[in-house]
Amino acid sequence: MMKFFKYPFQKVEKKWLNHWQKSNFKLCQTKDFPKKPKYYVLEMFPYPSGEGLHVGHVENYTAGDIYARFKRMKGYEVLHPMGWDAFGLPAENYAIKMKKHPSEIVKHNIGVFKKQLLKMGFGYDWKREINTTDPKYYRWTQWMFLKLFEKGLAYEKEAPINFCPSCKTGLANEEVTAEGTCDRCGTPVEKKLLKQWWIKITAYAERLLKDIDLLDWPEDVKEMQKNWIGKSNGHQIKFALKDDNNFKIGEIEVFTTRADTLFGATYLVLAPEHPIINQLKDSIQNYYEVQHYITDALQKSELERTDLSKIKTGVEMRGIKAINPANQEAIPVWISDYVLMHYGTGAIMAVPAHDERDFEFAKKFKLNITEVISLDGKEHPLEEAYTGDGVLINSGPFNGLDSKSAQEKIALYVGAKKVTNYKMRDWIFSRQRYWGEPIPIVHCPQCGAVPVPEKNLPVTLPNVKSYEPTGTGESPLAAIESWVNTKCPKCGGPAKRETNTMPQWAGSCWYYLRYLDPKNSKKFVDPKKEKKWLPVDIYIGGKEHAVLHLLYARFWHKFLKDIGAVATEEPFKKLVNQGIILGSDGRKMSKSFGNVVNPDEMVKKYGADALRMYIMFMGPLEDMKAWNTDGINGLSRFISRVWSLYQNQLRLKGKEVKNVELEKVLHRTIKKVTDDTENLRFNTAISALMECLNKMQEKEVKIPKAYLETYLKLLAPYAPFITEELWHELGHRNSIHEEKWPKYNKKYLEQKTFELLVQVNGKLRAKIEAPLNLSQKEAEKLALAHPQVQKFLQNAKPKKIIFVPNRLINLVG
RNA sequence: GCCCGGGUGGCGGAAUCGGCAUACGCGAAGGACUUAAAAUCCUUUGUCCUCUUCGGACUUGUGGGUUCGAGUCCCACCCCGGGCACCA
């Protein structure tokens with residue numbers, strides 16, 4: 001009789017964690033230059049918040065841990081590191097509240113996180129642990145900034161920041177609500193113009209776009225990056241401006257992707273910020289009205305301006321006309337906030353017949369609408385803009401041409417310039433905050449912005465008590481005079497340090513490189529190590545980083561390549577996004593819904609192995625899935641059943657019984673678990689492990705020890721604790737996690753017979769056990785002899801027979 | 001509005017090449033063990049007809065199509081999730 005043994009998971013997990021920790025996870029320590037093939041498994045490193053680890057982390061890191069353990073057993077030298085992305089707002093805000101230094105809070109939170117990760121059984125090479133807030137780390141972030149500065153890719157420019165007049169502080173975008181108010185006090189957020197540091201990521205737009213094709217990434221993430229970069233090819237066309245007396249008073253250049261519609265351009269529209277407006281002010285008859293509109297528009301937040309549901313507004317600059325270069329027609333010039341200054345030239349030619357926005361605008365202000373593209377070459381009354389292709393009409397010498405080929409011809413006709421534009425904008429790199437990497441620049445009244453010499457890096461954050469907001473919109477660092485005032489590295493005169501700090505993205509742009517060489521004080525990474533280990537073979541993390549982090553990191557990496565610091569073009573070869581885990585009510589986990597699952601409690605109640613396996617069993621890694629409190633019971637039960645089986649087997653006396661049937665099942669399981677794990681289909685790998693266990697406990701006989709060992713190895717990446725314990729109970733002294741991954745033997749997968757499926761008119765009517773490689777003739781004979789088949793054929797002869805060897809026969813009557 | 005995903009039992013999901021739909025797990029029902037409960041073990045479990053089996057009909061969001069055969073391919077539509085959104 002099979003006896004039930006209760007699995008003492010708490011005892012076992014504690015025992016092995018202690019054991020592994022004693023050697024600082026020697027098993028997971030990676031050689032810099034191994035003989036074995038390398039494999040770099042990376043998970044997006046966490047921000048160590050005060051909340052501790054959440055289930056999303058557990059999902060992300062379990063997937064990575066299973067994969068790293070699997071690859072290691074498959075014979076790779078696996079690099080699987082962990083670190084902390086610890087600069088950023090929450091730590092700073094919490095520090096202000098608790099009157100503690102952010103670094104203390106970070107240190108504490110890291111302690112909590114690390115303990116939780118260890119309890120989950122994750123195996124990292126802790127010798128390579130990094131922390132972005134460590135001066136020894138951010139020294140290199142600053143060094144890279146200086147390189148960007150040196151190459152002209154970091155520059156200063158005035159830009160509006162979000163500013164809360166009540167809190168008297170600059171706000172990060174994430175602190176501004178969707179309604180455009182301050183997250184903390186509800187006051188409407190204002191804009192304040194301040195000098196900001198920018199990174200010229202747009203210089204890399206084309207390469208960032210082109211190289212997306214090199215990546216083994218989810219299609220939607222690639223698509224998102226493409227859209228974000230937003231390349232469009234078009235033309236810049238010049239329109240002469242004339243006043244009421246027909247004097248030429250200037251010129252406006254517009255950007256269009258539809259030069260073929262030029263004859264339909266019945267007015268121009270300028271962005272309210274367009275500098276030419278001021279130059280034209282003497283000729284504008286309604287200048288007061290125009291000025292009023294502009295002031296209004298500039299006060300609006302980006303959110304208000306880009307609200308699509310809003311009815312379009314605008315004002316005409318009376319007294320000024322533009323000349324359409326295609327037909328020399330004088331057309332009105334308007335100003336409207338739906339035209340954006342930062343894209344193209346900040347001015348558009350409006351073709352209301354063939355652009356939805358222009359159509360809407362023209363209807364509202366009763367402007368001319370001229371149809372120039374027609375599907376049938378005829379003119380029609382237009383109910384809405386037609387944005388497709390067609391044949392040109394009302395276009396003088398170009399009538400009858402198809403719109404595609406007309407584009408270049410009309411462009412040539414009016415002397416337009418071919419231009420490529422990108423939606424992507426440069427990256428604002430300054431934050432008015434204390435808890436970030438200081439930007440290593442000194443502002444000298446004589447020499448301007450001077451880089452801090454490399455030998456003086458890092459520029460460390462001053463360790464003072466007051467890092468609360470200054471009230472001016474500047475960084476808290478501005479108030480720390482002893483730190484701010486310094487000497488100019490160039491002329492030696494009195495100068496001030498840059499007081500803005502870097503955004504949280506900075507440290508995460510290159511952390512995957514530092515893991516390769518975390519202690520190097522001469523270089524951020526030894527180029528030989530970079531060459532050996534990059535690119536990252538698999539990068540696992542949340543989709544929320546689909547654009548920003550992943551685009552910044554790709555840019556940063558390409559820049560490092562250009563200065564010869566790395567040899568690879570792209571940092572992350574394969575990307576995988578784990579899906580969000582929702583609460584059991586199907587809503588996003590949140591304190592206010594009370595549906596948050598605490599991993600610590602789950603580990604306490606069910607053990608880490610059960611939690612790991614449940615989270616992987618819930619569904620495909622990339623899918624969104626809802627937590628089910630009962631679900632984890634099933635995996636807890638599975639773990640117990642494994643335990644019981646092995647305890648029974650260890651106690652069973654007598655001879656091992658060779659079991660051909662079980663052997664077949666085992667080898668099928670090896671194949672299935674190997675393939676599924678390789679392809680990150682952990683949920684189906686686990687069900688295969690369950691099926692195999694069901695088979696093993698079906699009969700109460702002594703199973704050969706070799707089978708029991710093989711099964712444990714298959715389970716080891718998933719449940720590292722119980723497998724280690726049982727491996728030792730089977731008499732081994734080494735760790736199961738350094739064992740070789742089992743191979744299946746094809747001979748056990750081969751079948752001598754198969755189940756012939758017999759269909760009549762496509763419907764399954766019988767299943768017949770038949771020898772493999774049965775011929776069609778024999779199959780027919782077998783099928784026709786079956787009473788069920790005769791019944792449905794009604795003794796008629798089949799008109800047609802479909803035969804799929806070793807699978808089915810379909811008799812069509 | 002545009003661009004991606006997706007829709008399969010009471011629930012999470014499986015079906016990897018167009019060939020047994022519903023694997024595996026949860027839940028539920030019945031039983032064994034127990035004074036009892038928990039735990040554990042066994043049986044049943046898509047819907048309907050026949051309710052005794054044998055068996056049959058139907059079933060992968062909806063409607064059409066291609067095919068000997070469709071969850072899988074094609075067309076149209078409905079619904080859900082995500083991303084982008086005045087980028088000319």
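Note that the coordinates shown come from a computational prediction; the quantities given were computed from them, not determined experimentally. Chain letters run A, B, ... following the sequence lines, proteins first and then strands; every chain starts at 1.
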For this session: Return each pair, listed once, that meets ring-ring contact (aromatic ring centres under 6.0 Å, His included) where at least one residue sits in residues 619-650 of chain A; pairs must be two or more places apart or across chains.
Result: A:Tyr7-A:Trp643, A:Tyr614-A:Trp627

Expected output is a numbered-order residue list: members of [range] with a heavy atom under 4.0 Å from any atom of RNA chain B. What is it?
range	value
residues 256-274 of chain A	A:Thr256, A:Thr257
residues 580-588 of chain A	none
residues 683-690 of chain A	A:Asn683, A:Thr684, A:Ser687, A:Met690

Exercise. Residues in side chain to side chain contact (heavy atoms under 4.5 Å, CB included) with A:Glu780, at least two apart?
Worked result: A:Gln776, A:Ile801, A:Ile809

Exercise. A:Phe365: what forms a ring pair (Phe, Tyr, Trp, His ring centres under 6.0 Å) with it, not counting sequence neighbours?
Worked result: A:Trp334, A:Phe361

For this session: With sequence neighbours excluded, tell me which residues meet ring pair (Phe, Tyr, Trp, His ring centres under 6.0 Å) with A:His274.
Result: none

For this session: Test A:Tyr606 against every option in A:Leu611, A:Ile639, A:Asn633 by the side-chain contact (heavy atoms from CB on, under 4.5 Å) rule and name the one that passes.
Result: A:Asn633

Presence of donor-acceptor pair under 3.5 Å, side chain of [X] and base of [N]:
X	N	value
A:Lys767	B:C20	yes
A:Asp630	B:C26	no
A:Gln759	B:G19	yes

Exercise. Is it true that A:Lys625 and A:Glu59 have a side-chain N and a carboxylate O under 4.0 angstrom from each other?
Worked result: yes

Taking the same atom, [atom1], in [N] and in [M], what whole-Å distance lies between them?
N	M	atom1	result
B:U43	B:C33	C1'	16 Å
B:C11	B:A38	P	26 Å
B:G71	B:A14	C1'	12 Å
B:G64	B:A28	C1'	39 Å

With a 4.0 Å limit, can you tell me whether [X] has a side-chain N or O closer than that to the phosphate oxygens OP1/OP2 of [N]?
X	N	value
A:Tyr614	B:G25	no
A:Lys625	B:G12	no
A:Arg641	B:A39	no
A:Asn694	B:G25	yes
A:Arg765	B:G55	no

For this session: Counting Watson-Crick and G-U wobble pairs whose two distances are both under 3.5 Å, find the runs of 3 or more in a row that involve RNA chain B.
Result: B:1-7 with B:78-84, B:10-12 with B:24-26, B:27-32 with B:40-45, B:46-49 with B:55-58, B:61-65 with B:73-77

Under the rule for side chain to side chain donor-acceptor pair (under 3.5 Å), what residues qualify as partners of [X], not counting sequence neighbours?
X	result
A:His354	none
A:Lys695	none
A:Lys238	none
A:Asp216	none

Exercise. Is it true that the side chains of A:Gln647 and A:Ser644 contain a donor and an acceptor less than 3.5 Å apart?
Worked result: no

Problem set entry | Side chains of A:Asp676 and A:Thr684, donor plus acceptor under 3.5 Å | yes

For this session: Please indicate whether A:Glu206 has more than 12 foreign heavy atoms, meaning atoms of other residues, nucleotides or ligands, lying under 6.0 Å from its CD.
Result: yes

Seminar exercise, completed: Whichever of A:Trp228 and A:Pro620 has the more 5' nearest nucleotide on RNA chain B, that residue is A:Pro620

